[in-house]
J.: 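The structure under discussion is supplied below as structure tokens; questions concerning it will follow.
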Amino acid sequence: PADEASKASARNDLLAFISTSGNSTDTRAAIDLFDKGFTQATPAEELGIARAAGKAGVPERAASGYAKALQAGLGDGPDRFPYGSMLYRLRRFADAAAQFDRVRTPPRLAAAADYQRARAQIALGNTEEGRATLRGITTAYPTDTSSASALLLLADLATDDNRDQDARQALLTLLKRFPKGRHATNARFRAGMISYIQGDRKAAAAQFDSLVARDSNSTEALAGRYWAGRSYAAPGNKANSQRRWRAVIDKDPLSDPQV
């Protein structure tokens with residue numbers, strides 16, 4: 001009995017450490033020690049280990065733990081999201097998509113889950129299905145940041161298909177809804193490049209100027225100044241092009257924008 005009590009105490013201590021440790025290396029070692037010392041884990045224990053394993057970067061163990069716990073009726077929607085993420089990392093894209101599809105609340109998490117489901121569908125080669133899921137996000141969750149990510153991915157897919165106008169439209173929609181979002185700088189630059197390539201130098205110049213004005217310290221700002229200069233130079237507006245190229249040289253003295 002004393003040995004059993006000691007073993008139970010060690011088990012509880014180890015599980016408590018796994019659940020609270022902030023050190024991934026220590027967490028991985030503790031999970032390995034638990035699995036070697038206690039071959040039978042309860043569904044509740046599996047759920048706790050799965051959550052910790054996911055954070056510690058052990059997707060295989062996290063996925064197996066989530067599977068056992070969820071099959072036993074434990075966990076909830078928020079647990080299916082990390083479970084789907086682990087399955088995606090393991091390249092089990094169909095299984096990942098199925099888990100993401102079951103996350104319906106709260107709305108913010110459901111939007112993020114739909115975005116990840118679209119990525120899994122595309123990874124499976126179901127590009128049209130993925131596009132439909134992405135478009136669904138932009139209408140069902142128009143103000144959620146996942147909608148911005150969906151619009152950017154729709155632009156990527158359109159570019160891959162040489163549908164530059166559709167790509168530009170997706171980028172402009174992103175900028176209209178999320179002018180200060182984390183994807184905005186990239187979207188401005190890409191929209192400007194599409195306009196430039198299509199020969200609309202006026203629109204390109206405006207887009208690049210907007211990028212520089214809003215995000216002057218971003219990594220894209222230097223390139224934005226350069227391409228703004230190119231956009232103004234094409235129709236012969238030398239004053240505007242030279243002004244922007246001088247700004248490039250001020251930021252990067254070794255560059256020669258006119259080459």
Side-chain angles (χ1 to χ4, degrees), residues 4 7-124 126 129-130 132-134 136-141 143-150 153:
E4 289 300 319
K7 191 172 182 179
S9 178
R11 183 189 190 108
N12 291 334
D13 289 344
L14 195 52
L15 287 168
F17 178 82
I18 290 169
S19 298
T20 59
S21 173
N23 184 293
S24 295
T25 302
D26 291 344
T27 301
R28 290 193 293 268
I31 292 172
D32 186 57
L33 182 62
F34 181 90
D35 287 341
K36 289 178 179 176
F38 306 99
T39 55
Q40 296 295 323
T42 67
E45 290 170 344
E46 289 286 0
L47 183 59
I49 292 171
R51 290 168 173 168
K55 294 176 182 177
V58 194
E60 297 90 347
R61 184 63 182 88
S64 66
Y66 278 125
K68 294 173 183 176
L70 291 168
Q71 187 175 17
L74 299 182
D76 49 26
D79 282 308
R80 292 192 181 277
F81 188 91
Y83 181 28
S85 298
M86 295 302 104
L87 293 169
Y88 189 95
R89 287 183 61 183
L90 295 170
R91 303 184 66 81
R92 293 170 55 185
F93 301 124
D95 292 334
Q99 291 303 318
F100 289 130
D101 193 35
R102 298 184 66 174
V103 180
R104 295 295 94 198
T105 57
R108 188 174 182 84
L109 188 63
D114 278 350
Y115 176 74
Q116 296 301 333
R117 178 163 63 94
R119 290 182 65 225
Q121 290 166 338
I122 293 166
L124 286 166
N126 302 329
E129 188 177 4
T133 301
L134 292 170
I137 296 168
T138 67
T139 55
Y141 311 98
T143 61
D144 192 277
T145 54
S146 290
S147 182
S149 298
L153 185 48

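Quick caveat: nothing in here was measured; it's all calculated off a predicted structure.
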J.: Can you tell me which residue among Ile137, Asp144, Val103 is in a side-chain contact (heavy atoms from CB on, under 4.5 Å) with Asp114?
T.: Ile137
J.: Going through the checks in order, is the side chain to side chain donor-acceptor pair (under 3.5 Å) test met by Gln116 and Ser85?
T.: CA-CA 8 Å; Gln116 296 301 333; Ser85 298; 5.9 Å; no
J.: Using side-chain heavy atoms (C-beta onward) and a distance below 4.5 Å, is Glu45 in contact with Arg11?
T.: yes
J.: Just by modelled atom types, is the Thr143 backbone N or O under 3.5 Å from a matching donor or acceptor in the Ser147 side chain?
T.: no
J.: Closer than 4.0 angstrom, basic N to acidic O: yes or no for Arg61 and Asp35?
T.: yes
J.: Evaluate the criterion side-chain contact (heavy atoms from CB on, under 4.5 Å) for residue pair Asp95 and Tyr88; output intermediate values, then yes/no.
T.: CA-CA 8 Å; Asp95 292 334; Tyr88 189 95; over 6 Å; no
J.: Output the distance between atom CG (Leu70) and atom NZ (Lys68), rounded to the nearest 0.5 Å.
T.: 13.0 Å
J.: Between Ser21 and Ile18 (side chain of the first, backbone of the second, donor and acceptor by atom type, cut-off under 3.5 Å), is there such a pair?
T.: no
J.: If we ignore hydrogens and angles and just use 3.5 Å, is the side chain of Ser19 paired with the main-chain N or O of Ala16 as donor and acceptor?
T.: no
J.: Does Asp101 use its side chain to pair, donor to acceptor, with the backbone of Ala97 at less than 3.5 Å?
T.: no
J.: Could you tell me whether Lys36 and Asp32 have a side-chain N and a carboxylate O separated by less than 4.0 Å?
T.: yes
J.: Checking Phe100 now: which residues fulfil ring-ring contact (aromatic ring centres under 6.0 Å, His included) with it, not counting sequence neighbours?
T.: Phe81
J.: Specify the closest pair of heavy atoms between Gln99 and Gly84, including all atoms of both residues, with the distance to one decimal.
T.: CB-CA, 4.0 Å
J.: Would you check if Ser146 and Tyr141 make a side-chain contact, meaning some heavy-atom pair closer than 4.5 Å?
T.: no
J.: For residues Gln121 and Gly130, report the shortest heavy-atom separation together with the two atoms involved.
T.: OE1-CA, 3.3 Å
J.: So do the side chains of Thr145 and Arg108 get within less than 4.5 Å of each other, counting heavy atoms only?
T.: yes
J.: Tell me the closest heavy-atom pair linking Ala63 and Leu87, and the distance in Å.
T.: CB-CD2, 4.3 Å
J.: Taking the side chain as every heavy atom from C-beta outward, state whether Phe93 and Ile122 have any pair of such atoms under 4.5 Å apart.
T.: no
J.: Is the side chain of Asn126 donor-acceptor paired with the backbone N or O of Glu129 at a distance under 3.5 Å, no angle test?
T.: no
J.: Of all the heavy-atom pairs spanning Thr138 and Ala150, show the shortest one and how long it is.
T.: CG2-CB, 4.1 Å
J.: List the atom of Pro59, the atom of Met86, and the distance in Å for their closest heavy-atom pair.
T.: CA-SD, 3.6 Å
J.: Just how far is it from atom CZ of Arg28 to atom CG of Leu33, taken to the nearest 0.5 Å?
T.: 15.0 Å
J.: Report yes if some heavy atom in the side chain of Leu153 is under 4.5 Å from a heavy atom in the side chain of Tyr115; otherwise report no.
T.: yes
J.: Pairs of donor and acceptor atoms involving the side chains of residues 47-58, under 3.5 Å and at least two apart or interchain, shall be tabulated with distances.
T.:
from	atom 1	to	atom 2	distance (Å)
Arg51	NE	Asp79	OD1	2.9
Arg51	NH2	Asp79	OD1	3.3
Arg51	NH2	Asp79	OD2	2.7

